[in-house]
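We're numbering straight along the sequence, starting at 1.
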Amino acid sequence: MSQSFLQYAQQKSELQERKRVFPSQCPFCSMQCKMQLVEQHVEGRTRYQTIGTRNPTTFGRICMKGQHAHQHALHRERLKHPLIKRNGQFVKATWQEALDEIKTHIEALQLTHGHNAISVYGSASITNEEAYLLGKFARVALKTKYIDYNGRLCMSSAATAANQTFGLDRGLTFPLREIKHARVLILVGTNIAECQPTLMPYMEEAKKNGAFLIVIDPRKTPTAKLADLHVSLKPGSDAALANGILHIMLHENLIDEEFIRKRTAGFQELKQHVSRMTLQDISEQTSVKIEVLQKIARKFAQEKTGMILTARGIEQQIDGTMSVRNFLNILLLTGKIGRLGCGYGAITGQGNGQGAREHGQKADQLPGYRDITNPVHRKEVAEIWNIDEKELPGKGVSAFEMFEKMQEGEIKALFLMCSNPVQSGPRARFIKRAIEQLSFFVAIDLFVSETAALADVILPTSSYLEDEGTMTNVEGRVTLREATYPLKHQRKHDWQIICEIAAVLGKGGYFSFSSPEDIFEELRAATKGAKADYSGITYERLRKEQGILWPCSHLEDPGTERLFENEFSHPDSLAKFAVVAHGRKVAKETVSQEYPLYLTTGRVMAHYQTGVQTRKSTSLVARQFEAYAELHPDTAKMYGLQHGELVTIQSKRGSVIMRCHISDDIRKDTVFVPFHWSKNQSINQLIGEHLDPHSKMPGFKYCPVQLSAYMN
């Protein structure tokens, strides 16, 4: 063997030793794309590359956010050790010092003010195990009823609507692969092309198969540009639009009478309600022509298969629940659910938005979608947790209502996990003031976010690269996120932090877990027999099968891909029609001479949520480094604005300053602003405090505003 070949073999071996591969899943949207981070040391420098890996959901596809996700996980500003605020400044602390600080303050506050003086605010970005554990922590370690999470601001209207209509909420009622069989697709308030890019190929495949794509959105988004029919409705008029479609279907008998008779309840009430409307009135309220309403109704009813997908555009309104229910009325009227190529999908926003809302972070909920007010459900969970059912707290309040309780002085302390409500919540300045009134505040995060900066103690947590656990994607598929990147410095996993705080509060015996899989085994037991039944799912199965759609009730159960084939999840097995009012009967703020334009908010492709993570990525910031106000050319001309100029946007709650982006892709009466930026560009400062009465969702997508040229 020649010397040169030996040298080559040695160099190749050394190169391979300097290359490491770490499996993971994208931390951003609900598609939960599988990927690998490749770390390679070349000529004294470390280089990183993220590549997609094949899986049943996205088949190796990743988008720009996933491709650059490692940049925030490896960022120099990531928290390395606990911080305690002394004299208004954060100082480095040991874990023992931080835990002692927490113990002292929590015990003192509860002794003086009771258990409910403490609140917990969770996240839809954490794993199922950590969401489950956080709910248990609030109710067993803290014994507080005050727990809710940031998913309340994302998916709650769709979840509530699905529960009220079908008796069960799972992101999609069908597996993603069935989209290609739909002959007509209605997308309401969802910009998939930018928000869930790896979902878009399913739509494109359906179109290749002849599907007719209808996109309902005030803006001509990248998704709308792919549509066969784009419906640019007036913001806030979704319920009215659905009523118009229902009116035409009923008037022209475009309905599935057998399905309605056998599988639904409430049809006559709906028919009487809709028959009293006029298409002319609905057309005026929505600014959608009658011919367009007729085209939608006829096309959806006459095709053999069809699906309706909704997202934040329709859901993030104070009538979001009923607006979604009205589109579900369309599905029921035409019998398009429970069979191939048919069904409903709520396009979940956050990475674990589905799983995080199933296992006890919501104020009214116990694991597996159990109801905290139901005595049977309480007893079942109490037995798993080895406590007396009487010790379980009752129902609390929603996310924004917790901040109102802080402002009123009822809540004295807050545990915040992986969320940034000072930027993500409505009436954001109010939320900041409410938090500042607290006696004690603990934040668990990767960075010192806008909200964490207000904390008394910040605890450094692990990222998606380091934190193993299960996630549940948009279609209800439970997946295992492998995570082998080394946990450096003094960071700890969310589940470890919860267990250690519980221990110093004297509840360690209930939280003696040694791994995520250990927690998952208890989660399996806690969900057995519940609507969101995970009891048949194990880590071993997830590794072998690459994901299982719940409910899955035993080890031989393959999971449930298509819901509602034979019955719905209400006690009588019937789906429920809803009578939905619109127009003046809905107590929304109205545009006026003082506030003549509609503000709506949303995302851009390069960023995610409040930008705490994506704004740490140089590659993503380079694509979009600031917020902007998208205006129609005629609107800009009316206010004397040029493209790129600064504009002040004002509502009844305050004002922000943005740069104008002038575009034909938006209605003349509407202003669009993405919500990923903070401080003077934090658009949620303008949003009102009114909530959907059913889901407690704020009205992010509808807010009357005025414009003026910015004067320095």
Side-chain angles (χ1 to χ4, degrees), residues 71-109 117-123 125-126 130 134 137 142 150 403 406 411-425 428-429 431-463 466-467 487-505 609-617 677-680 682:
Q71 291 181 342
H72 83 258
L74 305 177
H75 198 277
R76 64 182 181 279
E77 291 181 15
R78 257 194 76 184
L79 291 165
K80 297 179 175 64
H81 46 71
L83 298 173
I84 297 178
K85 190 172 283 181
R86 302 292 190 208
N87 299 318
Q89 300 294 322
F90 286 115
V91 297
K92 181 179 178 180
T94 66
W95 273 97
Q96 192 57 55
E97 288 171 335
L99 292 170
D100 288 344
E101 188 88 356
I102 293 168
K103 173 183 169 67
T104 299
H105 283 84
I106 295 304
E107 288 183 344
L109 286 169
I118 317 300
S119 62
V120 177
Y121 192 103
S123 172
S125 295
I126 58 179
E130 289 157 348
L134 194 63
F137 170 77
L142 296 176
N150 62 15
F403 294 111
M406 294 174 200
I411 292 176
K412 304 290 185 181
L414 169 65
F415 281 90
L416 177 76
M417 178 166 282
C418 304
S419 191
N420 189 19
V422 162
Q423 192 176 328
S424 64
R429 292 188 181 98
I431 291 177
K432 184 175 184 288
R433 290 195 300 270
I435 291 175
E436 289 172 336
Q437 282 190 209
L438 293 169
S439 300
F440 189 60
F441 173 24
V442 179
I444 302 165
D445 213 325
L446 299 171
F447 299 96
V448 182
S449 70
E450 288 81 5
T451 307
L454 306 175
D456 298 289
V457 177
I458 308 180
L459 304 176
T461 189
S462 53
S463 75
E466 303 138 353
D467 190 25
L487 191 59
K488 299 178 181 178
H489 306 290
Q490 294 184 44
R491 299 165 184 148
K492 295 189 178 184
H493 302 303
D494 292 322
W495 66 268
Q496 290 177 314
I497 295 170
I498 294 169
C499 291
E500 291 190 12
I501 296 174
V504 300
L505 295 176
Q609 301 299 79
T610 63
V612 172
Q613 296 172 57
T614 53
R615 284 186 281 120
K616 296 294 189 299
S617 167
W677 284 269
S678 62
K679 299 180 182 177
N680 287 339
S682 177

Can you confirm whether [X] sits close enough to [Y] that some side-chain heavy atom of one is under 4.5 Å from a side-chain heavy atom of the other?
{"X": "Lys412", "Y": "Phe440", "result": "no"}
{"X": "Lys492", "Y": "Leu459", "result": "no"}
{"X": "Trp677", "Y": "Thr610", "result": "no"}
{"X": "His81", "Y": "Thr94", "result": "no"}
{"X": "Lys92", "Y": "Ile84", "result": "no"}
{"X": "Leu99", "Y": "Ile501", "result": "yes"}

Using only atom types and a distance under 3.5 Å, with no angle test, would you say the side chain of [X] pairs donor to acceptor with the backbone of [Y]?
{"X": "Gln437", "Y": "Ala434", "value": "no"}
{"X": "Trp95", "Y": "Gln490", "value": "yes"}
{"X": "Thr451", "Y": "Val422", "value": "yes"}
{"X": "Gln423", "Y": "Asn420", "value": "no"}
{"X": "Ser424", "Y": "Gln609", "value": "no"}
{"X": "His75", "Y": "Glu77", "value": "yes"}
{"X": "Ser123", "Y": "Cys418", "value": "yes"}
{"X": "Glu107", "Y": "Thr104", "value": "no"}
{"X": "Arg86", "Y": "Val91", "value": "no"}

For residues [X] and [Y], report the shortest heavy-atom separation together with the two atoms involved.
{"X": "His72", "Y": "Lys616", "answer": "CB-CB, 3.9 Å"}
{"X": "Leu416", "Y": "Pro421", "answer": "CD1-CD, 3.8 Å"}
{"X": "Ala98", "Y": "Pro82", "answer": "CB-CB, 3.9 Å"}
{"X": "Ala452", "Y": "Ser449", "answer": "N-OG, 3.0 Å"}
{"X": "Phe90", "Y": "Leu83", "answer": "CD2-CB, 3.9 Å"}

Nearest 0.5 Å please: distance from the [atom1] atom of [X] over to the [atom2] atom of [Y].
{"X": "Glu436", "Y": "Ile431", "atom1": "CD", "atom2": "CD1", "value": "12.0 Å"}
{"X": "Arg78", "Y": "Gln613", "atom1": "CZ", "atom2": "CD", "value": "9.5 Å"}
{"X": "Ser462", "Y": "Leu446", "atom1": "OG", "atom2": "CG", "value": "7.5 Å"}
{"X": "Ser125", "Y": "Glu130", "atom1": "OG", "atom2": "CD", "value": "11.0 Å"}
{"X": "Arg491", "Y": "Thr461", "atom1": "CZ", "atom2": "OG1", "value": "10.0 Å"}

Under the criterion side-chain contact (heavy atoms from CB on, under 4.5 Å), which of Leu454, Leu414, Asp456, Leu109 is the partner of Leu438?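 One option only clears the test, and that one is Leu414.
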Can you confirm whether or not the ring centre of Phe403 sits under 6.0 Å from the ring centre of Tyr121?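 Centroid distance Phe403-Tyr121: below 6.0 Å, so yes.
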Taking the six-membered ring for Trp, are the ring centroids of Phe137 and Phe415 within less than 6.0 Å of each other?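 Centroid separation for Phe137 and Phe415: below 6.0 Å.
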Presence of salt bridge, Glu101 and Lys85, under 4.0 angstrom: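 Here Lys85 does not pair with Glu101 in a salt bridge, since their nearest N and O are not under 4.0 Å apart.
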Any salt bridge linking Glu97 with Lys103? Criterion: basic side-chain nitrogen under 4.0 Å from a carboxylate oxygen.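 No, Glu97 and Lys103 are not salt-bridged.
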Under the criterion salt bridge (charged side-chain N to carboxylate O under 4.0 Å, His left out), which of Lys679, Lys432, Arg615 is the partner of Glu450?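 Going through the options one by one, the only one that passes is Arg615.
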Passes side-chain contact (heavy atoms from CB on, under 4.5 Å), Val457 versus Phe441? Steps please. CA-CA 7 Å; Val457 177; Phe441 173 24; over 6 Å; no
